[in-house]
Protein chains: 2
Amino acid sequence: MRFHSPSIQYFHAVRRTGSIRAAARLLNVASSAVSRQILKLEREVGSPLFERTARGLTLTTVGEMLARHVMNVLQDLDRFRSDVASLSGAWHGTISIACIESLTESVLPDLIASHRSRAKRVSFTTEVMGSSDVLEALRRGEADIGIAIALRHPPDLRQVALKRFRLGALVAREHPLARRKTVTLEQCLAFPVIQALPELSIYHLLQPLIAQLSETPEPAILANSIDLMRELAARGVGVAFQTQLGIIRLSRDAQLVFLPLDNAGSPVWSDLGIYVRAERTLPAFTDSFLQELVRELGERERRESAAYPHVT
Amino acid sequence: MRFHSPSIQYFHAVRRTGSIRAAARLLNVASSAVSRQILKLEREVGSPLFERTARGLTLTTVGEMLARHVMNVLQDLDRFRSDVASLSGAWHGTISIACIESLTESVLPDLIASHRSRAKRVSFTTEVMGSSDVLEALRRGEADIGIAIALRHPPDLRQVALKRFRLGALVAREHPLARRKTVTLEQCLAFPVIQALPELSIYHLLQPLIAQLSETPEPAILANSIDLMRELAARGVGVAFQTQLGIIRLSRDAQLVFLPLDNAGSPVWSDLGIYVRAERTLPAFTDSFLQELVRELGERERRESAAYPHVT
DNA sequence: CAGGTTGCTGCCGTTTCGGCAACAGCTATA
DNA sequence: TATAGCTGTTGCCGAAACGGCAGCAACCTG
């Protein structure tokens, strides 16, 4: 089922690898064949698609336009294939997810396990990365579904859903703060804190609030892993800051306590966005999982706001 | 710039013409070449794409799936081409519009004239048809933008905007009803009426209301042309029913009077929808015109509700 | 039954594609 | 500074694909 010119597949491979010879290895053809197809494409478009540097190729402006078109074609071909396959009863394929770390503790494993128990022929590829990398992975076509902190997203991505969760402090059960219902940032800073490095979105949520305070936090630990921060908090090393999403199991075991953060009387929100490429129709089995994901996050948002009511 | 397999272009031509030999004539190639490409496609997809009848070919289910994919590819190729062209300053192309008759008197000619005075290299193809044909033309890729009465639209179309206009009675200046501010259907039926045939959407708006009444309207004239109905009303033949959109110029000349229709105290709405294919990214120059169209219709909706205020 | 369709299929020349090997240009390492 | 390794490009040539021509059987329309 390869009814498209080899040129666009070759172009796609060259764009991804950034090199003609690497693309040739990927495609199991001679590099000369790849080179010729690229030259032919450039001749037909009437403009160079790549800038040749000493070590590799970079897209020109026209090249990026063609890359967008080629991605649309190949992704839609993928959907067509799965549509035809589902016609003969076989619902199978791979869903590629790019997401931030907060989802790995409970949301994603629960959902994937539940989905696979019903649709065994659907497999998953998940990759954890920073929020801006999630968006970039989507744009490059390396992921089908992206979950990230809701930044301003580029127009070629579509925000399928936006769910808000409360940012809170994470402390061990024995911690002096553990008996409170909510905490303020000032109360937390009286204790050693586990701070996020700038590559985590939590940093960008908390930094402006910390900057407003007179006192600077007691230096304790800087980390870039949600997982590590959580485990440190559980061991009583200090106060960590996260959404409740990442600690649902652990708080059930009562090792950790989640304390919603209040700042000047109002909650501190962490907005989670679910994204897909805008110029794309998802295969049926992918769209089905996407709906479940939206539903599940909506459910958790609802449960949280029931557990920690607030005035808006 | 033909970097796609001939097979998909041939398939597209066969789908449109419904015949291999007709497609071959359209493409200026031998019919054997077309036949072979179709057979090759069917071999690669692994399933027949057409049902061979004595006179021509009809799409199978898999064929319709492929047709959808091919249309996505070709329309996106079109957008890519216009993107590249606009890079070198040349903003040109053709915008194909399918719309119902109500728009031809004022909205569309005004907009097209205004748009062409600013973008002279953009040309237009407009075709007037019934509402359901508008949607069908969009689905088949024969139009870029569709304007129709807002029915339930199929999921492969996207409703860009929804504007509501008041259905009203159209009478000549000398008509006994002409001095009123608004009219009810019962008041109109006391006079000869110019009724719409079922192929016009007005028929489906008014028929349920007429059915509720005890009396049946005095038989006068049945017509299927908005234009003809308007001219008949202007000559005092009877009462016609339309939205105000089609008579803006004539009412300015005070030959015709538009009387908003009231039914049981509430207005009778005619909903106008603007549609595009959902799985498609429009070229920049088309999207620009689309925005103007939405703005203009919104403006007319606003002006009308200001002229004939109502409670909701 | 004749004259027009329809889609399909050998045959054959032309075009395109891809593999091999060689070339020039660049970078990093010794 | 020389060498090894990488890059993309280009003749050359065999193989595959494409397209045109003519003819086939099947069908509809007079």
Side-chain angles (χ1 to χ4, degrees), chain A residues 1-64 66-67 70 73-74 77, chain B residues 1-64 66-67 70 73-74 77:
Chain A
M1 204 189 292
R2 45 175 344 128
F3 35 73
H4 285 294
S5 296
S7 44
I8 72 167
Q9 322 219 24
Y10 287 14
F11 172 83
H12 189 235
V14 171
R15 179 195 66 85
R16 283 192 299 165
T17 60
S19 147
I20 287 189
R21 286 188 121 101
R25 286 192 293 272
L26 191 70
L27 297 163
N28 286 317
V29 290
S31 69
S32 58
V34 179
S35 174
R36 262 190 278 260
Q37 291 293 342
I38 299 297
L39 290 172
K40 181 189 160 208
L41 266 182
E42 292 181 323
R43 192 153 26 90
E44 279 175 355
V45 174
S47 160
L49 300 170
F50 292 99
E51 274 172 6
R52 272 73 170 176
T53 70
R55 73 160 83 286
L57 287 78
T58 333
L59 284 173
T60 63
T61 307
V62 180
E64 297 204 23
L66 182 60
V70 166
V73 169
L74 293 181
L77 173 64
Chain B
M1 205 188 293
R2 42 166 356 122
F3 36 74
H4 285 294
S5 298
S7 44
I8 71 167
Q9 322 219 24
Y10 288 14
F11 173 83
H12 189 236
V14 171
R15 179 195 67 86
R16 282 192 299 165
T17 60
S19 147
I20 287 190
R21 286 188 122 101
R25 286 192 293 273
L26 190 71
L27 297 163
N28 287 315
V29 290
S31 68
S32 58
V34 179
S35 175
R36 261 190 275 262
Q37 292 293 343
I38 300 297
L39 289 173
K40 181 189 159 207
L41 267 182
E42 292 181 323
R43 191 154 25 90
E44 279 176 353
V45 174
S47 159
L49 300 170
F50 292 99
E51 272 171 6
R52 271 73 169 177
T53 71
R55 74 158 85 289
L57 307 184
T58 331
L59 284 173
T60 62
T61 307
V62 180
E64 297 204 24
L66 183 59
V70 166
V73 170
L74 293 181
L77 173 64

*Asks:* Tell me the interatomic distance from A/Leu41, atom CG, to C/dC17, atom P, rounded to whole angstroms.
*Replies:* 10 Å
*Asks:* Nearest whole angstrom, please: distance from the P of C/dG19 to the CG of A/Asn28.
*Replies:* 9 Å
*Asks:* Rounded to the nearest 0.5 Å, what separation is found between the OG atom of A/Ser5 and the NZ atom of A/Lys40?
*Replies:* 5.5 Å
*Asks:* Is the ring pair B/Phe50/B/Phe11 parallel, tilted or perpendicular, if the boundaries are 30 and 60 degrees?
*Replies:* tilted
*Asks:* Looking only at side-chain N and O atoms, does A/Tyr10 come under 4.0 Å of OP1 or OP2 in C/dC17?
*Replies:* no
*Asks:* Polar atoms only, N or O, under 3.5 Å: list the protein pairs with nucleotides 10-13 of chain C and their distances.
*Replies:*
residue	atom	partner	partner atom	Å
C/dG10	O6	B/Arg36	NH2	3.3

*Asks:* Would you say that B/Glu42 contacts B/Leu39 through its side chain, given a criterion of any heavy-atom pair below 4.5 Å between the two side chains?
*Replies:* yes
*Asks:* Does any part of the side chain of B/His12, heavy atoms only, come nearer than 4.5 Å to the side chain of B/Arg15, both counted from C-beta?
*Replies:* yes
*Asks:* Judged by atom type as modelled, is there a donor-acceptor pair below 3.5 Å linking the side chain of A/Ser7 to the main-chain atoms of A/Leu41?
*Replies:* no
*Asks:* Using the side-chain heavy atoms of A/Ala33, tell me which of these nucleotides is nearest: C/dG18, D/dG19, C/dC17.
*Replies:* C/dG18
*Asks:* Rounded to the nearest 0.5 Å, what separation is found between the CG atom of B/Leu77 and the CD1 atom of A/Ile8?
*Replies:* 10.0 Å
*Asks:* Mind calculating the distance between CD (B/Glu44) and C1' (D/dA17) to the nearest angstrom?
*Replies:* 12 Å
*Asks:* Using a cut-off of strictly less than 4.0 Å, decide whether A/Gln37 has a side-chain nitrogen or oxygen near OP1 or OP2 of C/dG18.
*Replies:* yes
*Asks:* List, with names and distances, any nitrogen or oxygen atoms from the protein found under 3.5 Å away from nitrogen or oxygen atoms belonging to nucleotides 3-7 of chain C.
*Replies:*
residue	atom	partner	partner atom	Å
C/dG7	OP1	B/Ile20	N	2.5
C/dG7	OP2	B/Arg21	N	3.1
C/dG7	N7	B/Arg21	NH1	2.4
C/dG7	O6	B/Arg21	NH1	3.2

*Asks:* Does a side-chain N or O of B/Lys40 approach OP1 or OP2 of D/dA17 to a distance below 4.0 Å, or not?
*Replies:* no
*Asks:* Nearest whole angstrom, please: distance from the C1' of C/dC8 to the CZ of B/Phe50.
*Replies:* 15 Å
*Asks:* Counting any heavy atom closer than 4.0 Å, what does A/Leu39 reach on the DNA or RNA strands: base, sugar-phosphate only, or nothing?
*Replies:* sugar-phosphate
*Asks:* How about A/His4 and B/Val73: do any of their side-chain heavy atoms sit closer than 4.5 Å?
*Replies:* yes
*Asks:* Nearest whole angstrom, please: distance from the C1' of C/dC8 to the CG of B/Leu49.
*Replies:* 16 Å
*Asks:* Could you report the tightest heavy-atom contact between A/Leu57 and A/Ser19, atom names first, then the distance?
*Replies:* CD1-CA, 4.3 Å
*Asks:* Sequence neighbours excluded and cut-off under 3.5 Å, please list the side-chain donor-acceptor pairs for residues 20-35 of chain A, or say none.
*Replies:*
none

*Asks:* Whole Å only: how far is the CD1 atom of A/Ile38 from the P atom of D/dT10?
*Replies:* 14 Å
